[in-house]
Structures are given as C-alpha cells and as structure tokens.
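Worksheet: one structure, shown below.
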Amino acid sequence: MRLGPHAWDLRRRIIGEDARFCGRAEIVASDHGWVYQETGSLKLRGGQPFAAGRQYRLEERPEGVRISFDDHRLFQMVRWADPRAVHICPPDRYEGVYDVTRWPSWRAQCTVTGPRKSYRIVSIYTPTAS
C-alpha cells in the first residue's frame with residue numbers, strides 16, 4: 001500500500017455517544033508530504049447536524065505511516081505488520097485498529113477510554129466514484 005492522492009466517502013458512527021458523521025475524506029499532497037483531511041456533517045444525539053472536519057499530517061515510512069497533528073506532535077504510528085495504534089491524551093486513551101486489507105476501501109476503529117470517556121468510533125472509507 002502506498003500513500004498518494006485518494007478520496008473516499010466517509011461514514012462514521014460513534015457508539016456510546018449516539019453520534020454520526022457523514023462526509024468526505026482525502027489524502028492530498030502538501031509542501032511537507034501528505035495531508036489527510038475530512039469534511040462533512042456531524043450529528044450528535046438529539047441535536048442538529050453541523051459542519052465538522054479535521055486534518056492530520058502523514059509521513060510514509062517503510063514500516064508504516066506516522067500520523068501527526070498540524071503542530072507535528074505524534075498522533076499515532078500505524079505499522080503495516082500490526083495495524084494497531086495507541087494515542088494517550090491524559091487522562092484518556094485512544095486505541096485504534098486500521099484494516100487496509102481491501103485497500104483502497106478501508107476501515108478504522110478506535111476505542112476511547114478515560115475517566116469521563118467510554119465510546120467506540122467506527123469509520124468506513126469507500127473510494128469516491130470518478
């Protein structure tokens with residue numbers, strides 16, 4: 001699997017918070033390598049949908065992909081040999097599992113735990129039609 005320009009329809013469920021995200025995700029070139037960005041609509045339990053999005057810097061490495069915040073702090077290192085990754089944001093823990101076995105379709109699941117958090121995020125990425 002190689003990074004490069006890609007675009008997906010993105011569907012996300014936040015189980016335990018009764019929330020859904022629907023939108024688009026893409027990997028685009030930037031002056032420092034690659035950027036993952038997503039935009040769409042987030043609907044929280046009982047609320048009205050609102051615009052939401054996020055982005056990360058991606059650095060392709062032989063063993064996998066380093067995912068960083070805009071300020072270069074590490075978010076997660078995803079290794080191809082073991083696509084599980086952890087991010088500690090005290091006092092919370094984010095445990096991710098990335099399934100890229102059907103690339104360019106793929107799936108990400110993240111379990112979030114902490115003193116005030118307990119939910120699971122399931123994201124399904126389907127290539128956009130040309």
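Only this structure's heavy atoms are used, side chains among them; waters, hydrogens and symmetry mates stay out.
- The backbone N or O of Thr111 lies less than 3.5 Å from no partner atom in the side chain of Arg120, so there is not a single donor-acceptor pair.
- With Trp8 contributing its side chain and Pro104 its backbone, the two residues share a donor-acceptor pair below 3.5 Å.
- Under the 4.5 Å side-chain criterion, counting only non-hydrogen atoms from C-beta, Met77 is in contact with Glu63.
- Separation of atoms CD (Gln76) and CZ (Arg84) is listed at 12.5 Å; rounding is to 0.5 Å.
- Atoms CH2 and CG, from Trp106 and Asp99 in turn, are 10.5 Å apart once rounded to the nearest 0.5 Å.
- A distance-only check finds a donor-acceptor pair linking the side chain of His87 to the backbone of Phe75 [under 3.5 Å].
- Contact of the Phe21 side chain with the Ile14 side chain is not registered, since no non-hydrogen atoms from C-beta on lie closer than 4.5 Å.
- In this structure, Phe69 is a member of the same hydrophobic cluster as Val78, with clusters built from ILVMFWY side-chain heavy atoms closer than 4.5 Å.
- The distance from the OH atom of Tyr125 to the OG atom of Ser105 is 12.5 Å, given to the nearest 0.5 Å.
- Ile121 and Phe50 end up in the same hydrophobic cluster when Ile, Leu, Val, Met, Phe, Trp and Tyr side chains are linked at under 4.5 Å.
- Checked against the 6.0 Å centroid threshold, Trp103 and His6 count as a close aromatic pair.
- At a threshold of 4.5 Å between non-hydrogen side-chain atoms, the residues Tyr56 and Arg66 do not count as touching.
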**Prompt:** Does the pair His72 and Arg57 meet the rule for a side-chain contact (heavy atoms from CB on, under 4.5 Å), with working shown?
**Reply:** CA-CA 8 Å; His72 301 280; Arg57 294 172 180 257; 3.2 Å; yes
**Request:** Under the side-chain contact (heavy atoms from CB on, under 4.5 Å) rule, what do Tyr98 and Arg79 come out as? Steps first, then yes or no, please.
**Result:** CA-CA 9 Å; Tyr98 297 84; Arg79 300 179 193 292; over 6 Å; no
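- For the atom pair CG (Leu44) and CZ (Arg20), the distance works out to 12.5 Å, reported to the nearest 0.5 Å.
- Checked for salt-bridge contact, Arg24 and Glu26 meet the test: a charged N lies under 4.0 Å from a carboxylate O.
- Hydrophobic clustering (side-chain heavy atoms under 4.5 Å, transitive across Ile, Leu, Val, Met, Phe, Trp, Tyr) keeps Tyr36 apart from Val97.
- Checked by atom type and distance alone, the side chain of Arg45 pairs as donor or acceptor with a backbone atom of Glu17 at under 3.5 Å.
- In this structure, the separation between CD1 on Ile124 and CD on Gln109 is 9.0 Å, given to the nearest 0.5 Å.
- Looking at Leu58 and Ile67, their side chains come closer than 4.5 Å, going by heavy atoms from C-beta outward.
- What you find for Ala52 and Leu42 is that their closest heavy atoms are CB-CB, 3.9 Å.
- Residues Ser123 and Leu10 form a side-chain contact, since some pair of their non-hydrogen atoms from C-beta on lies under 4.5 Å apart.
- Here the CZ atom belonging to Arg73 is positioned 7.5 Å from the SG atom belonging to Cys89, to the nearest 0.5 angstrom.
- A 4.5 Å side-chain heavy-atom check between Trp34 and Pro5 finds at least one atom pair inside the cut-off.
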